[in-house]
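Everything below concerns the one structure shown next.
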Amino acid sequence: MFETARQKLSLHWNRKIASRFTRDDTTSDHPVSLMIPVAPKDVDRASVSIPLMRERVSHPIQKIAVVAPDRAEIRDLCTRLEVDFIDENAPLKDLLGARFEGASGWIRQQFLKLDCPRILGVEDVVVMDSDTYPLRRVVFCDEDGRQILYNGDANQAPFHRFTRAALGALPARPANFVAHCMMFHGPFLGALHTELEAQHGKRWSEALLDLLERPVDQVGSMSEYDLYGQFTARTFATRVTQRWYANIKVTTPEFLGDTPLPAWKRRFRFISNHQRG
């Protein structure tokens, strides 16, 4: 009961008070690439979100890549926006093997994110879901060169259970890194893979797939952002910092720009549209 009350108070503080102090970030000189996983159903939202990511992720951008099923509408989107297209099948078949065909789109996207530096051939990749975009200039490294880990609004126990099953103990009150976007730093991600393989005695992707096959009430739900965020915060504590992500959910017309955002929503850092309507 106390924990529930604490979470409600934290949510109220963030939404009503902290959001009023959200400002544009100062441009970082740290180069990054952008990777956006896109499903066919998300093409309309991606056509809006990707240009805004390009404009407002305030780093030198090396490349922008959509990783997606090979569909005509997605290739047309990439041509129109002048971004790279990467067919998701090749990296996924390597990661998932014989289990590739049975994996849902949600699970496929999580594994793509957890291998994104290798897929793009760069060291630092900002991954942002296609149903999310920044409302203002944002950075993923602070002025001291530390990676910024964005925190979500409330405790996410089902995701924490999975992360504990994968990695072991977390802090007594772990942060929530389910924030719709993350910078994956290649060396940190490689260390995560090594840790998973050491603990489970198998390739990291196989270890996660095996956990996913267990009943959800035993291991919870997988979140690639939480897994990377918890591991990085624990293992590289002096090289990262944490910040509230200041995200607000909006309707589809608001997300697409067909309906103006109310003034109170415009003060947030990110908006997302996980539902249609």
Side-chain angles (χ1 to χ4, degrees), residues 7-25 27 34-59 61 64-68 71 73-74 76-83 105-106 109-110 113 126-140 148-156 159 176-183 223-226 243-277:
Q7 290 177 29
K8 288 183 178 180
L9 180 61
S10 175
L11 180 61
H12 179 81
W13 173 265
N14 286 340
R15 294 289 173 90
K16 302 297 184 181
I17 308 298
S19 65
R20 297 180 183 274
F21 298 94
T22 304
R23 298 292 184 269
D24 285 69
D25 288 329
T27 299
L34 297 181
M35 187 179 97
I36 306 97
V38 176
K41 67 181 179 61
D42 295 324
V43 166
D44 288 346
R45 287 183 289 185
S47 67
V48 171
S49 63
I50 293 174
L52 293 172
M53 294 176 202
R54 170 186 268 145
E55 175 187 332
R56 296 171 182 169
V57 172
S58 203
H59 292 260
I61 297 178
I64 303 175
V66 164
V67 183
R71 302 286 184 86
E73 62 268 36
I74 295 177
D76 289 345
L77 171 76
C78 294
T79 299
R80 193 166 68 250
L81 299 182
E82 298 181 326
V83 301
W106 181 58
Q109 287 194 0
Q110 293 199 60
K113 296 171 192 176
V126 171
V127 178
M128 198 172 297
D129 295 339
S130 61
D131 55 15
T132 297
Y133 60 79
L135 282 172
R136 57 185 71 248
R137 291 198 307 273
V138 296
V139 297
F140 291 81
I148 297 170
L149 300 174
Y150 283 102
N151 293 336
D153 279 318
N155 179 55
Q156 295 288 334
F159 299 118
N176 164 31
F177 295 108
V178 185
H180 315 312
C181 60
M182 179 74 72
M183 187 181 87
S223 164
E224 70 291 304
Y225 297 137
D226 193 64
R243 175 197 272 184
W244 178 51
Y245 74 151
N247 178 83
I248 190 70
K249 291 183 179 179
V250 299
T251 65
T252 298
E254 289 172 334
F255 187 88
L256 297 177
D258 298 331
T259 299
L261 280 178
W264 71 273
K265 290 185 179 181
R266 292 199 299 271
R267 66 179 184 241
F268 287 79
R269 182 174 287 114
F270 298 97
I271 63 172
S272 62
N273 172 241
H274 292 294
Q275 75 290 326
R276 296 190 180 276

Item to complete: Would you please test L261 and L135 for side-chain contact (heavy atoms from CB on, under 4.5 Å) and show each step?
Response: CA-CA 11 Å; L261 280 178; L135 282 172; 3.8 Å; yes
Practice prompt. Just say parallel, tilted or perpendicular for the rings of W244 and F268, cut-offs at 30° and 60°.
Written response: perpendicular
Item to complete: Taking only Lys NZ, Arg NE, NH1 and NH2, and the carboxylate oxygens of Asp or Glu, determine whether D129 and R45 approach each other closer than 4.0 Å.
Response: no
Practice prompt. Check the pair C181, Y245 against side-chain contact (heavy atoms from CB on, under 4.5 Å), reporting the backbone distance first and the verdict last.
Written response: CA-CA 9 Å; C181 60; Y245 74 151; 5.9 Å; no
Worksheet entry | Any donor-acceptor N/O pair, S58 side chain to V139 backbone, under 3.5 Å | no
Fill in: Parallel, tilted or perpendicular: rings of Y150 and F270 (30°, 60°)
perpendicular
Discussion item. When you measure from the side chain of D24 to the backbone of R137, do you find a donor-acceptor pair of N or O atoms at a distance under 3.5 Å?
Written reply: yes
Discussion item. Taking the side chain as everything from C-beta on, heavy atoms only, tell me whether Y133 gets closer than 4.5 Å to P51.
Written reply: no
Worksheet entry | Nearest heavy-atom neighbours spanning H59 and V138 | CD2-O, 4.3 Å
Worksheet item: Looking at CD1 of I36 and CD1 of I50, how far apart are the two atoms once the value is rounded to the nearest 0.5 Å?
Response: 4.5 Å
Discussion item. Return the CZ to CZ distance between R56 and R136, rounded to the nearest 0.5 Å.
Written reply: 9.0 Å
Fill in: Note, V127 side chain near E224 side chain (heavy atom, < 4.5 Å)
no
Worksheet item: With side chains defined as the heavy atoms from C-beta onward, is the minimum distance between I64 and M53 less than 4.5 Å?
Response: no
Worksheet item: N151 versus N176: any side-chain heavy-atom pair under 4.5 Å?
Response: no
Worksheet item: F140 and M128: which non-hydrogen atoms are nearest, and at how many Å?
Response: CZ-CE, 4.1 Å
Practice prompt. Taking all non-hydrogen atoms of both residues into account, name the closest pair between Q109 and A39 and its distance.
Written response: NE2-N, 4.0 Å
Discussion item. Within the 4.5 Å heavy-atom criterion, are S47 and R80 side-chain neighbours or not?
Written reply: yes
Worksheet entry | Minimum side-chain heavy-atom gap E254-K265 below 4.5 Å | yes
Worksheet entry | Between CH2 on residue W264 and CZ on residue R20, distance to nearest 0.5 Å | 11.0 Å
Worksheet, complete the sentence: Residues G152 and A179: closest non-hydrogen pair is N-CB, 4.4 Å
Response to the item:
So CE of M183 and CG of L149: to nearest 0.5 Å the spacing works out to 8.5 Å
Discussion item. What's the separation between atom NE2 in H180 and atom CG in N273, rounded to the nearest 0.5 Å?
Written reply: 10.5 Å
Response to the item:
Correct closest heavy-atom pair for S130 and S49 would be O-OG, 2.9 Å
Item to complete: Measure the shortest side-chain to side-chain distance between D131 and D42 over non-hydrogen atoms and say whether it is less than 4.5 angstrom.
Response: no
Discussion item. Is there a side-chain contact between R71 and D76 in this structure, where contact means two heavy atoms from C-beta onward sitting under 4.5 Å apart?
Written reply: no
Worksheet entry | Spacing of L52 atom CG and T132 atom OG1 [to the nearest 0.5 Å] | 12.0 Å
Discussion item. Under the criterion side-chain contact (heavy atoms from CB on, under 4.5 Å), I'd like the reasoning laid out for D25 against R243: C-alpha separation, chi angles, the key distance, then a yes or no.
Written reply: CA-CA 12 Å; D25 288 329; R243 175 197 272 184; 2.9 Å; yes
